[in-house]
Novice: 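The structure follows.
The residues of the chain are indexed from 1 along the displayed sequence. Everything quoted here is computed from the prediction, not taken from an experiment.
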Amino acid sequence: MRGIKPLLDKADLTLNPGDKIGLIGANGAGKSSLFAMLRNELHPDGGDIDFPSRWRMAYVAQETPALDRPAIEYAIDGDVHLRQLEAELAHTEAQPDSAEIGNRIGELHGALADADAYTVRSRGEQLLLGLGFSLEQMELPVASFSGGWRMRLNLAQALMCPSDLLLLDEPTNHLDLDAIIWLEDWLKRYPGTLIIISHDRDFLDGVVNVIVHIDERKLKRYSGNYSSFERQRAAQLELMAGMIEKQQRQRAHLQSFIDRFKAQATKARQAQSRMKALSRMEELAPLRAAAEFSFEFREPLAAPNPLLVMDAVDAGYRIADGDDTIAKVIVKGIDFSLQTGQRIGLLGVNGAGKSTLIKTIAGEIDPVNGTARLGKGLVIGYFAQHQVEMLRHDESPLWHMVKLAPTVREQELRNFLGSFNFDGTMVTAPIKPFSGGEKARLALALIVWQRPNLLLLDEPTNHLDLETREALTMALAQFEGTLMLVSHDRHLLRATTDQFLIVAEGRLQPFDGDLDDYKDWLFKTKLAERNDAKPAAVAAPVKKQAEVAPAGERKEQKRQDAQQRQQAAAQKKPIETRIKRLDEQIAKLNARRATIETRLASPDIYDAANKEELKTLITDQAYCARELDTLENEWLAQQEALEQLG
């Protein structure tokens, strides 16, 4: 129990050593409380939690003191046993010489060797490099880092600690995509038992082999990753629905017999028998699917083309230095235009300048050099990483809407907020006690209301649970405007964007590849940094002609082969992208047609009262058939074009 709220009730669960477990459930279901019980910070009101007493547990601290200690030393502090050995060695060496002291010093040096003390700094540096710190930053004091970076240091401490059980609660919240990909690879190789709370489905798919779902105050174990859980859960819901329907038919049949024959003497005995059978029949409780939440972006009022043109723009900041101003350029020489309908994912390592570029496009900061021309009728919807902090926490959702649309009727604003699950007293309550996900949902609602034709989203999924992330993914996939997205959620990037740009080496460049190619590039970059090479030594794969190779027949042939492969890939890319979009559109139309046909199969649709609905359904059915025919013909043509390219 937490207060008067029961979180778990007679919950049973068995986990095995070496399992990598994803712990999921709705916000407030008790995931973090379960972690607190494992850490012995909370105690169950009933029942037992057992794991081997010899197990070493590691978890991420939620507070980071403002220390003068260098970041690398703070990370190494996570290996508590090693630090204890070092402290004991220092204390022992300070004692007067004796045979006993000499023996103890020898034992401690042996114990330190067993604890890998002589490689600990190298291991610490590798951890911090993976989490986005540079070699220079590692020597800075902990107090010099912001809150998000201190949480990375706490994560580094937990990973440094040799452990048998590792508890991670939303470890990706403060990480960029490059750090998440590195962490995913690290956790795959972790030899102990891992329990992780995360709302990142791709991350869960890549790491875990067991899902534990908290639902209806029970713990249900599923084998496999998150995608496997979704399939199993859907099958359970379908099976349970069929069982309930069958039971309802049986109950109706029994009740019908009882109603017809309970008053007849010749049938009274059979009727009594059926009444007892009916009373013994335990009513099946339906499996409850997660309450679905969905929303959609309203159609933009205008579609200027191009929306934006940047000519020789340098993006960065102007910093006051006494009476002078110093320009700090982060991304230089940007020649770039945004066309209507583009869906761009923006990639780049932490600190490369992705957020700076987004802010410049959004008009939050002025270009340091160059010009940015906006299309007439451009309406930008901008979601910043810290958008939630910019809300007025002492005011209500309705207050924010009235400030945005002062001439609109209050009831219309209330209805709109209700579509984002803000209803009842939530509409007029101050947002301060709201969860991070609820505040992020409000920030999204404010953007949707403005009907943007250009969406600039910088890490929009921070604080969002799996359900809301999926709703955002669906809404963005159907958004009719232009999208530029920075996100560490790979599922969101794959589902909503069809081309990538990368900010690397202070430049904005096209990225010729997918997220798997980006992962390979990141690991090469990290390896170069680890070898004290400059990050620029590993060039991002960009769309460009192959360089002229040195003379020599074999080298010339290789160069020509590479050039041909590159040209073929460049020709295939737009066709493959179009086929992907066509597949998505065909799937949506098929789903819509199935819904229409299900409704047309209902007898009541042909009642006189439903005449208008019937006309609409028939019209929609014809529209779906025409659209599907058009899309399928185009799909076949695109496939034929792809085959001709080989």
Side-chain angles (χ1 to χ4, degrees), residues 1-9 24-34 36 42 45 62 169-170 173 197 199 213-218 285-298 381-452 457 459-476:
M1 304 277 289
R2 293 305 297 265
I4 61 169
K5 182 181 179 182
L7 296 179
L8 298 172
D9 181 23
I24 65 170
N27 285 342
K31 302 185 293 294
S32 296
S33 295
L34 184 56
L42 287 177
D45 296 290
Q62 295 304 305
D169 189 348
E170 293 291 358
N173 263 4
I197 299 170
H199 294 312
H213 185 209
I214 303 180
D215 189 41
E216 295 290 306
R217 298 190 291 278
K218 303 295 183 188
L287 273 177
R288 183 179 56 80
E292 290 189 4
F293 164 66
S294 64
F295 71 96
E296 60 183 32
F297 287 92
R298 306 197 295 177
Y382 173 52
F383 188 102
Q385 285 193 50
H386 307 294
Q387 195 77 17
V388 167
E389 296 165 16
M390 296 163 66
L391 299 171
R392 281 281 299 272
H393 288 203
D394 57 333
E395 298 290 356
S396 67
L398 184 59
W399 180 90
H400 285 84
M401 287 299 301
V402 169
K403 194 169 184 297
L404 193 63
T407 61
V408 178
R409 286 187 311 114
E410 182 179 305
Q411 189 57 49
E412 187 177 342
L413 299 179
R414 284 175 176 267
N415 293 344
F416 177 75
L417 286 168
S419 69
F420 282 82
N421 281 8
F422 293 108
D423 45 26
T425 57
M426 283 186 79
V427 176
T428 53
I431 68 170
K432 186 176 181 179
F434 285 12
S435 69
E438 287 165 341
K439 290 171 185 172
R441 220 179 325 129
L442 175 58
L444 281 171
L446 297 176
I447 291 173
V448 170
W449 177 266
Q450 297 171 70
R451 303 180 77 161
L457 305 181
E459 298 293 0
T461 59
N462 285 353
H463 308 294
L464 296 185
D465 59 19
L466 277 162
E467 179 190 346
T468 311
R469 285 187 185 208
E470 197 59 32
L472 175 63
T473 302
M474 293 295 292
L476 288 176

Novice: Could you list the residues that satisfy side chain to side chain donor-acceptor pair (under 3.5 Å) with T468, not counting sequence neighbours?
Specialist: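 Scan of T468 (side chain to side chain donor-acceptor pair (under 3.5 Å), adjacent residues dropped) gives D465.
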Novice: Could I get the full list of ring-ring contact (aromatic ring centres under 6.0 Å, His included) partners for F297, not counting sequence neighbours?
Specialist: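 Counting only residues at least two positions away or on another chain, F297 forms a ring-ring contact (aromatic ring centres under 6.0 Å, His included) with F295, F479.
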Novice: Which heavy atom of P452 sits nearest to which heavy atom of G381, and what is that distance?
Specialist: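 In this case the closest contact between P452 and G381 is CB-N, 3.4 Å.
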Novice: With side-chain contact (heavy atoms from CB on, under 4.5 Å) as the test, pick out the partner of P397 among L446, L417, D423.
Specialist: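 That would be L417.
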Novice: Would the number of heavy atoms belonging to other residues, nucleotides or ligands and lying under 6.0 Å from CE of M426 be above 12?
Specialist: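 Buried by this count: over 12 neighbours within 6.0 Å.
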Novice: Please check if the side chain of K439 supplies one atom and the backbone of K432 the other of a donor-acceptor pair under 3.5 Å.
Specialist: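 At least one qualifying donor-acceptor pair exists.
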Novice: Just to verify, what does E459 make a side chain to side chain donor-acceptor pair (under 3.5 Å) with, not counting sequence neighbours?
Specialist: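 Checked E459 against side chain to side chain donor-acceptor pair (under 3.5 Å); matches are H488.
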Novice: Keeping to residues at least two apart or across chains, list the side chain to side chain donor-acceptor pair (under 3.5 Å) pairs with something in residues 399-410.
Specialist: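 Residue pairs with at least one partner in residues 399-410: E410-R414.
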Novice: Which heavy atom of F434 sits nearest to which heavy atom of A429, and what is that distance?
Specialist: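 Scanning both residues, the minimum pair turns out to be CZ-O, 4.2 Å.
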Novice: Just by modelled atom types, is the I24 backbone N or O under 3.5 Å from a matching donor or acceptor in the K31 side chain?
Specialist: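 Absent.
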Novice: Just how far is it from atom CG of L413 to atom CG of L404, taken to the nearest 0.5 Å?
Specialist: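 Reported value, rounded in 0.5 Å steps: 9.0 Å.
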Novice: Could you pull out the closest heavy-atom pair between V427 and S396, with the gap in Å?
Specialist: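 So the minimum-distance heavy-atom pair works out to O-CB, 3.4 Å.
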Novice: With sequence neighbours excluded, tell me which residues meet salt bridge (charged side-chain N to carboxylate O under 4.0 Å, His left out) with E438.
Specialist: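 Testing E438 for salt bridge (charged side-chain N to carboxylate O under 4.0 Å, His left out), a comparison that skips the adjacent residues, returns none.
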Novice: Please report the closest heavy-atom contact between G25 and H213, naming both atoms and the distance.
Specialist: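 So the two residues come closest at CA-CD2, 4.1 Å.
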Novice: Among all residues two or more places apart in sequence or in another chain, which pass the salt bridge (charged side-chain N to carboxylate O under 4.0 Å, His left out) test with E296?
Specialist: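 In terms of salt bridge (charged side-chain N to carboxylate O under 4.0 Å, His left out), with neighbours along the sequence ignored, E296 is linked to no residue.
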Novice: S32: what forms a side chain to side chain donor-acceptor pair (under 3.5 Å) with it, not counting sequence neighbours?
Specialist: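 So S32 forms a side chain to side chain donor-acceptor pair (under 3.5 Å) with D169.
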Novice: So, using side chain to side chain contact (heavy atoms under 4.5 Å, CB included) as the criterion, who are the partners of P6 when residues are at least two apart?
Specialist: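 Scan of P6 (side chain to side chain contact (heavy atoms under 4.5 Å, CB included), adjacent residues dropped) gives M1, R217.
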Novice: With a 4.5 Å heavy-atom cut-off, do E470 and L466 have their side chains touching?
Specialist: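 E470 vs L466: side chains apart.
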Novice: Once ring-ring contact (aromatic ring centres under 6.0 Å, His included) is applied, do any residues pair with F416, and if so which ones, sequence neighbours excluded?
Specialist: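 With neighbours one apart ignored, the set is F420, W449.
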Novice: Which residues pass the side chain to side chain contact (heavy atoms under 4.5 Å, CB included) test with L7, sequence neighbours left out?
Specialist: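 Checked L7 against side chain to side chain contact (heavy atoms under 4.5 Å, CB included); matches are R2, K5, S33.
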Novice: I need the L457 CG to L476 CG distance, nearest 0.5 Å.
Specialist: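 Reported to 0.5 Å precision, the distance equals 6.0 Å.
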Novice: Looking at every heavy atom in both R469 and L464, which two are closest together, and how far apart are they?
Specialist: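 Scanning both residues completely, I find the closest heavy atoms to be NE-O, 3.2 Å.
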Novice: Check side chain to side chain donor-acceptor pair (under 3.5 Å) between T473 and all other residues, then give those that pass, not counting sequence neighbours.
Specialist: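 If we apply the side chain to side chain donor-acceptor pair (under 3.5 Å) test to T473, skipping adjacent residues, there are no hits.
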Novice: Mind checking salt bridge (charged side-chain N to carboxylate O under 4.0 Å, His left out) for D394 and listing every partner two or more places apart, or none if nothing turns up?
Specialist: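 D394: salt bridge (charged side-chain N to carboxylate O under 4.0 Å, His left out) contacts with R392.
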